[in-house]
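In what follows, every chain begins at residue 1, and chains take the letters A, B, ... in the order their sequences are listed.
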Amino acid sequence: MKLEILDDFNIEKFRHDLISWFETEQRDLPWRMNKDPYRVWVSEIMLQQTRVEAVKPYYANFMEKFPTLEALANAEDEEVLKAWEGLGYYSRARNLHTAVKEVKEQYGGKVPSDVKQIEKLKGVGPYTKGAILSIAYGIPEPAVDGNVMRVLSRILSIWDDIAKPKTRKVFEDVVRQIISKENPSYFNQGLMELGALICIPKNPSCLLCPVREHCRAFAEGVQKELPVKSKAKAPKMVPLVAGVLRTEDGKYVVNKRESTGLLANMWEFPNVEIGEGIRNHKQQFTDYMKEKFSLSVSIDEYAMNVQHTFTHRMWDIFVFYGTVTGTIAEADRLKMITIQEFEQLPISKSHRTIFEECVKKLQP
DNA sequence: GAGCCGTGGCC
DNA sequence: TGGCCAAGGCT
């Protein structure tokens, strides 16, 4: 079932040109030190939707703390989340931890090289599956990410909208036809490296491109029109009111978020979404603390406003200083702790901002 | 399929 | 400055 789109495409020479270029020009990255499947796995999870430069320090720290699959499997959840703090998409950390424990128990600690087994692991989707299999085990599976779709859409002049999920299958079909069976690792990595260094989203460096002679978009001068990618929806504004609450003995009230959803299991200052049409933020906050935690809160003063934009949501947080007088009922997710203890917990970016401002102000 | 899920850097 | 972008996966 040869694809029509590959008519007149010199597959053999394309493979050769791509792999030769990758052999000489690839970056020296920490996760390319060897082909240890565990190290490859961790790097692929961290690199999801995340830049190489952002990953580097986290990867080094993570490998120091959890050098082996066994070490990660034996770690505490909160320790793993703390190592992920600031990297974003925190379900990646939870899923990786879950999957590693499963590999330890089900597969004797060896990352499976079987397609059916590896794709069942939490957090391992079509891309990561192909990346691990090809890079760690030399198995010719497609690893189609954003880079690969951009590069191949230009080279083969494919005008499908890459923002649509089903478009990935189009590219997987293409890769199955053209991937090198001799060196699938360098073929897949070569496509991604090309996308990162040469065939970049804006103003691609076509004159430096090792596979320029194969590129249909370059031949027709339309490389800047590809790939086609429809725009994402604008983030929705979500106003919140939060309290930095001190106890009589100088501790602070902190809350652990729910175990699923946004910033799952991360710690923050207690806060509540401001209801539609409600004007008295302070009142709503004290009511919330009373109803949900049976805590009597008195607000001292307005502290600051913090904005934070996620992919699909924008927080607008009104922060107040206050004090609590009651005692906390036995609730896992609410604690009174010192500044030093809070520092040790996984905290999201926006609440770390609040935290650091408050330390400046309250602990001179 | 569409919506949800973070953060930092670039121009 | 703000929109866009980055080695996706889950529900």
Practice item. Summarise how protein sits on nucleotides 6-11 of chain B as a single string, 5' to 3': B when a protein heavy atom is under 4.0 Å from the base, S for sugar-phosphate-only contact, - for no contact. Key: BBB---

Exercise for review: Can you sort out which residues in residues 179-205 of chain A have a heavy atom within less than 4.0 Å of DNA chain B? Ascending by number, please.
Suggested key: none

What pairs of donor and acceptor atoms, side-chain ones from residues 310-321 of chain A against any protein atom, are under 3.5 angstrom apart with sequence neighbours left out?
from	atom 1	to	atom 2	distance (Å)
A:Thr311	OG1	A:Tyr89	OH	3.4
A:Asp316	OD1	A:Asn305	ND2	2.9
A:Asp316	OD1	A:Gln307	NE2	3.3

Review point. To the nearest angstrom, how far is A:Trp41 atom CH2 from C:dG9 atom P?
Key: 13 Å

Exercise for review: Take atom P in C:dA6 and the same atom in B:dC4, then report the distance between them in whole Å.
Suggested key: 22 Å

Exercise for review: Whole angstrom is fine here: how far is it from NZ in A:Lys233 over to C1' in B:dC5?
Suggested key: 14 Å

Practice item. May I ask you to test the A:Tyr58-A:Thr50 pair for a side-chain heavy-atom distance under 4.5 Å? Key: no

Exercise for review: Please lay out, stage by stage, how A:Thr68 and A:Arg39 fare under the test side chain to side chain donor-acceptor pair (under 3.5 Å).
Suggested key: CA-CA 8 Å; A:Thr68 63; A:Arg39 292 176 56 89; over 6 Å; no

Review point. Do A:Asn265 and A:Ser259 pass the side-chain contact (heavy atoms from CB on, under 4.5 Å) test, and can you show the C-alpha distance, the side-chain angles, and the key distance before you say yes or no?
Key: CA-CA 5 Å; A:Asn265 286 330; A:Ser259 59; 3.6 Å; yes

Exercise for review: Answer with base, sugar-phosphate or nothing: what part of the nucleic acid does A:Arg313 contact at a heavy-atom distance below 4.0 Å?
Suggested key: sugar-phosphate

Review point. So, do A:Tyr59 and A:Val42 sit near enough that their side-chain heavy atoms are less than 4.5 Å apart?
Key: yes

Practice item. Starting from P on C:dC4, measure out to NZ on A:Lys229 and report it in whole angstrom. Key: 10 Å

Exercise for review: Show your working on side-chain contact (heavy atoms from CB on, under 4.5 Å) between A:Glu85 and A:Lys82 and close with a plain yes or no.
Suggested key: CA-CA 5 Å; A:Glu85 179 188 312; A:Lys82 181 69 182 174; 2.9 Å; yes

Check your understanding: Is there a donor in the side chain of A:His214 and an acceptor in the side chain of A:Asn10, or the other way round, less than 3.5 Å apart?
Key -> no

Review point. Given atom CG of A:Asp145 and atom P of C:dA6, what is their separation to the nearest angstrom?
Key: 9 Å

Review point. Which whole-number value in Å describes the distance from A:Glu44 CD to C:dG8 P?
Key: 9 Å

**Study point:** From CZ (A:Arg168) to CG (A:Asp145), nearest 0.5 Å
**Key:** 11.0 Å

**Study point:** Contact check, side chains of A:Tyr252 and A:Phe342, non-hydrogen atoms, under 4.5 Å
**Key:** no

Review point. Reckon A:His312 has a side-chain N or O less than 4.0 Å from the OP1 or OP2 of B:dC5?
Key: yes

Check your understanding: Given atom CE of A:Met314 and atom P of B:dG3, what is their separation to the nearest angstrom?
Key -> 17 Å

Check your understanding: If we take the P atom in both C:dG9 and B:dG8, what is their distance in whole Å?
Key -> 22 Å

Practice item. With sequence neighbours excluded, tell me which residues meet salt bridge (charged side-chain N to carboxylate O under 4.0 Å, His left out) with A:Lys181. Key: none

Exercise for review: Using whole Å, report how far CD1 of A:Ile132 lies from P of C:dG8.
Suggested key: 13 Å

Practice item. Measure the distance from CG on A:Asn95 to C1' on B:dC5 and round it to the nearest whole Å. Key: 11 Å

Check your understanding: When you check the phosphate oxygens OP1 and OP2 of C:dG3, does a side-chain N or O of A:Lys231 lie under 4.0 Å from one of them?
Key -> no

Check your understanding: In a check of side chain to side chain contact (heavy atoms under 4.5 Å, CB included) between A:Thr286 and each of A:Leu295, A:Val241, A:Ile299, which one passes?
Key -> A:Ile299

Exercise for review: Would you mind classifying the nucleic acid contact of A:Arg150 as base, sugar-phosphate or nothing, using non-hydrogen atoms under 4.0 angstrom?
Suggested key: sugar-phosphate

Review point. Among residues 27-40 of chain A, which contact DNA chain C at a heavy-atom distance under 4.0 Å?
Key: A:Arg27, A:Leu29, A:Trp31, A:Arg32

Review point. Among all residues two or more places apart in sequence or in another chain, which pass the side chain to side chain donor-acceptor pair (under 3.5 Å) test with A:Asn61?
Key: none

